[in-house]
There are 2 protein chains.
Amino acid sequence: MNLRELSELLGLSQTTVSRALNGYPEVNEATRRKVQDAAALHNYRPNTRAQGLATGRAKAIGHVIPYSTQHEMVNVIFADFIAGAGETYAEHGYDLVMSMVSDENETQAYRDLTQKGSVDGVIVHGPSRNDQRIELLSELGLPFVVHGRSTDVAIEYACVDVNNKRAIERATKLLLDLGHTRIALVNGLERMDFALRRKEGYLSALKSAGIEADPELMRSSEMTEPFGHGSARDMLRLGAPPTAFICSSIVIAMGVRRAVEESDLKLGEDVSVICFDDAISYFPNGDGEPIFTATRSSVREAGRRCAEILLAKIEDPTTPPHQELWEAELVLGRSTGPAPRP
Amino acid sequence: MNLRELSELLGLSQTTVSRALNGYPEVNEATRRKVQDAAALHNYRPNTRAQGLATGRAKAIGHVIPYSTQHEMVNVIFADFIAGAGETYAEHGYDLVMSMVSDENETQAYRDLTQKGSVDGVIVHGPSRNDQRIELLSELGLPFVVHGRSTDVAIEYACVDVNNKRAIERATKLLLDLGHTRIALVNGLERMDFALRRKEGYLSALKSAGIEADPELMRSSEMTEPFGHGSARDMLRLGAPPTAFICSSIVIAMGVRRAVEESDLKLGEDVSVICFDDAISYFPNGDGEPIFTATRSSVREAGRRCAEILLAKIEDPTTPPHQELWEAELVLGRSTGPAPRP
DNA sequence: CCGCACATTCAAAGCGCTTTGGGTAACTGA
DNA sequence: TCAGTTACCCAAAGCGCTTTGAATGTGCGG
């Protein structure tokens, strides 16, 4: 059933039917009612492509996901973000289109997306320092919101980010206050902006305490469980092992915990762990009392918020770039305790 | 730059330009070259919506994701599946569109998708027993592939599934052979077809060994870490605790391990664990020797395969529904050992 | 030199929708 | 009664592409 058929059925023009359904005022309420009923009855839904072609809007938001053996973009965190954003899209009648592209084609992918007109805007994931995509997108004039931030970018852009530096600074401070001096940082890939900022926070807290950072206690990589495990295992074998770990993700923390337990050490006693908890739905940080002491900020909520900001920007392109910086809460769990006596 | 502009620029008709770019034979090779060069130079990309409207194909595959507080569809496993499917889509020039819908609207969502013509086909996720979506989709004539299977569905449909029953049957058998008799099953939601089949495998193996299933040793829920943890903790407190666990997911297994360690028991000695390992990229089952003994089947590979089958079906609608049943491999890790002497 | 086949190219219709720019009829006030 | 509104509805253009059907030019055998 398309518009023409429906209008013929009703003995009305396409114009009137279209207007009736889209809530325009210049149509009699009785007529509108009739049209709506008929539309519902025949399960009429306007063809998106035709509608898009006519209006110039795609009613869809793009998420460009580079795939490579280097870095897994489609991960646990991403999944939760998508879930949050997706709900918001749904509420506003937008679709989510994911474009997987091999890394080297990412730039082209944004160009294509704009040219092909298949989306009204995009979300930028996993910004690195001085991320080129931001400049590209503003140049292309495609509305976008960055999940995270990018240091050293001159342009004003919309984003939602957690105060990563502050969060990890506080976490480190807490461990220092508990008497720990050998504190390890098991971080995400340091070309990611969030990882850089977290490292800054870590370093800054150590510095304030007059402690020199030990390169042996800092690792960064893809945030998987085995990475956490391997890092902790190696570090715990050092001559002067750390008594505390800061992990950039709960997934890493789970790996660290495994290594701790394998070494017959007790979490929260012999070794303290604080992680950054993105409140991932499949890895809630315990059901009652949190397992890990953590800096917490819901990535799902971030997804929702990014979507809202982007949609607002699309509805009214004159809105200035909206930046939002969230403070993570520091919640106490069972994984931290005073530094063990030497 | 659109087709008209490009053709005017070249002094050719839109017809010729379109044909040149789409590889039709009735255009002079020299002309084609010129057109292609100009297109590349001006970064011309046909507008998807217009193209879709003209051809009747959307060049996009839909994934309908119900969101509810009941069940998290967008999870770790889903993310990896999407990654696999997405790569295949990309290779074939297809986009992936995700529609989030509240549960109760799922049926309508498929209807809408068909009507709106925004996708050429869909993937059905997480089929339950006698899943209504299958009938609906064949009725609607929208090509689809099911990831998993649905017991009690009369219609022939395309799917890619793992032999869940057989896999868990073998896993249970292994534990029985190792001398375990109190074997727990920590399963996914039993309205999911895969969970049902796994339970069948579990029960069938127990039965063959003449062991009666104990309801206290069977749990099923959303497959989160805390669920695994809680289940194992409770069961280990029983008068006759299990000496082995079968977990429907590596995520559950991680929770079980936590509970085991909290009880000061040793994994692979006091308690054995076998899990179903979907080879999720963020939770590889160890880097060298697997952590968990596991029945393994890559969900990402399944994503790829589902996509291929679906695209083939779309290219040639006459292809009969292709069903594919994979056997999971049973790989030995460090989490299993002989049953402890009582 | 003619007629025919073939190779190229083009104009125009159509995909299903929105929206512009009228129309027509009914209603208003003088 | 009549001009001026107002309310309602419509025909047609246009979004950017593909594709049908026709036109043009070219080369060939006769």
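FYI, side chains are in, hydrogens and waters are out, and symmetry mates aren't considered; it's all heavy atoms of this structure. The shown structure was predicted, so the numbers you read here are calculated from the model rather than taken from an experiment.
Taking only side-chain atoms of A50(A), from C-beta outward, the nucleotide of dG16(C), dA11(D), dG14(C) with the closest atom is dG16(C).
Note on D152(A) versus R129(A): salt bridge recorded, some NZ/NE/NH1/NH2 to OD/OE distance being below 4.0 Å. Under the 4.0 Å criterion applied to side-chain N and carboxylate O atoms, R304(A) and E308(A) are not assigned as salt-bridge partners. Under 4.0 Å is where a charged nitrogen must lie from a carboxylate oxygen, and between R305(B) and E301(B) no such pair does. At a threshold of 4.0 Å, the pair D112(A)-R45(B) counts as salt-bridged, since one of the basic side-chain nitrogens sits closer than that to a carboxylate oxygen.
Residue Y44(A) has no polar side-chain atom (N or O) positioned under 4.0 Å from OP1 or OP2 of dG16(C). Between Q51(B) and the phosphate of dT18(D), there is a side-chain N or O to OP1/OP2 separation shorter than 4.0 Å.
When rounded to the nearest whole Å, the span between CG of L12(A) and P of dA7(D) equals 19 Å. As a whole-Å value, the separation of R45(B) CZ from dT18(D) P is 14 Å. Protein atom CD of E8(B) is 14 Å distant from nucleotide atom C1' of dC10(C), rounded to whole Å. In this structure, R4(B) atom CZ and dT18(D) atom P are separated by 15 Å, rounded to whole Å. Computed from coordinates, the R49(A) CZ to dC15(C) P distance equals 13 Å when rounded to whole Å. A straight line from NZ of K59(B) to P of dC15(C) spans 22 Å, rounded to a whole angstrom. Look at CG on L53(A): it is 17 Å from P on dG14(C), rounded to the nearest Å. In this structure, the CG atom of L6(B) is 12 Å from the P atom of dT18(D), given to the nearest Å.
Checking L3(A) against Q14(B), the closest nucleotide of DNA chain C that is more toward the 5' end is the one next to Q14(B). Nearer the 5' end of DNA chain D, as judged by each residue's closest nucleotide, is the contact made by R32(A), out of R32(A) and N47(B).
Between F81(B) and H125(B), the ring planes are perpendicular. Angles over 60° get that label, and only those under 30° would be called parallel.
The shortest side-chain heavy-atom distance between H42(A) and Q115(B) does not fall under the 4.5 Å cut-off.
Under the 3.5 Å distance criterion, with hydrogens and angles disregarded, a donor-acceptor pair is assigned to the side chains of S102(B) and N105(B).
DNA chain D is contacted by T15(B), S18(B), R19(B), N22(B), Y24(B) of residues 15-30 of chain B, taking any non-hydrogen atom closer than 4.0 Å.
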